[in-house]
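In this text the structure is predicted, and so the values were computed from the model without any measurement.
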Amino acid sequence: MGKYYFHSTTRNHLRNFNKTLGFALFFERHERQLRAWYLCKKLKITEQELDDIELGRGTLKLNLLKKLLNFYGKRIDLRLVTPSEDEIDKAISGEFSDPLYDSFEDLEEMVES
């Protein structure tokens, strides 16, 4: 899987993130020339679940993401970068809020239950 850069200028950042991630997973499947039905059978998931994650629809299911990443032998790396001067000027104050969860494990546990 190549590098995919996420940069959102709209207010719905989570939706844009899901779409970017979904596109990367879709591209990985096509690079490997895997049919959707075959991948679903191997991972024991529905084609609807695969469609949802590859199209960035709905809530991101971490257990499904984990299955796909394990199957592809990939991981997700996140980096924090300093925005350019132009991006800082466009930033909306108060756009970010306190995290809802203390750790990724807390979030994953909540999503899976």
Side-chain angles (χ1 to χ4, degrees):
M1 191 179 312
K3 291 184 179 180
Y4 293 88
Y5 297 95
F6 170 74
H7 174 72
S8 175
T9 56
T10 65
R11 299 212 63 22
N12 197 339
H13 302 296
L14 186 56
R15 181 169 184 245
N16 288 333
F17 175 79
N18 286 346
K19 285 184 170 286
T20 303
L21 178 60
F23 176 75
L25 293 168
F26 171 82
F27 187 75
E28 183 68 26
R29 181 168 62 83
H30 281 267
E31 281 284 302
R32 294 171 184 242
Q33 298 179 357
L34 296 172
R35 301 261 187 212
W37 65 266
Y38 173 79
L39 183 59
C40 291
K41 185 176 179 180
K42 289 292 267 185
L43 298 179
K44 298 179 181 166
I45 62 174
T46 67
E47 288 190 41
Q48 183 65 50
E49 288 175 313
L50 182 61
D51 277 349
D52 287 347
I53 197 166
E54 286 185 348
L55 294 172
R57 284 191 302 222
T59 303
L60 180 62
K61 297 179 181 176
L62 297 180
N63 58 341
L64 176 58
L65 177 59
K66 192 174 182 179
K67 283 182 181 184
L68 285 166
L69 292 173
N70 285 337
F71 181 82
Y72 293 141
K74 301 291 183 176
R75 68 173 195 222
I76 296 174
D77 287 336
L78 297 175
R79 280 186 321 139
L80 295 178
V81 297
T82 304
S84 69
E85 289 296 320
D86 292 336
E87 292 172 324
I88 292 172
D89 292 341
K90 295 176 186 175
I92 300 168
S93 62
E95 184 174 349
F96 300 100
S97 60
D98 292 331
L100 299 175
Y101 305 96
D102 293 331
S103 68
F104 182 76
E105 287 78 18
D106 291 344
L107 173 61
E108 188 174 35
E109 185 177 299
M110 190 284 302
V111 169
E112 289 179 352
S113 60

> Less than 4.5 Å apart, any side-chain heavy atom of Leu55 and any of Lys19?
Replying inline: no
>> To the nearest 0.5 Å, what is the distance between CD on Glu28 and CG on Leu39?
In response: 10.5 Å
> Can you find a pair of side-chain heavy atoms, one from Arg29 and one from Tyr72, that are under 4.5 Å apart?
Replying inline: yes
> Would you say the side chain of Asp51 lies within less than 4.5 Å of the side chain of Arg57, judging by non-hydrogen atoms?
Replying inline: yes
> What distance separates Leu21 CG from Leu60 CG, expressed to the nearest 0.5 Å?
Replying inline: 6.0 Å
> Would you call Phe26 and Ile53 a side-chain contact if the rule is heavy atoms closer than 4.5 Å?
Replying inline: no
> Roughly how far apart are Leu64 CG and Ile45 CD1, rounded to 0.5 Å?
Replying inline: 4.5 Å
> Where do Thr46 and Cys40 come nearest, in terms of heavy atoms and distance?
Replying inline: O-SG, 3.6 Å
> Run the side chain to side chain contact (heavy atoms under 4.5 Å, CB included) check on Asn18 and Phe23 step by step: do they pass?
Replying inline: CA-CA 9 Å; Asn18 286 346; Phe23 176 75; over 6 Å; no
>> To the nearest 0.5 Å, what is the distance between CG on Asn70 and CZ on Arg75?
In response: 13.0 Å
> Nearest 0.5 Å, what's the CG-OH distance between Leu43 and Tyr38?
Replying inline: 9.5 Å
>> Quick check for you: to the nearest 0.5 Å, what is the distance between Lys61 atom NZ and Leu65 atom CG?
In response: 12.5 Å
>> Is it the case that over 12 heavy atoms from other parts of the model lie below 6.0 angstrom from the CZ atom of Arg32?
In response: yes
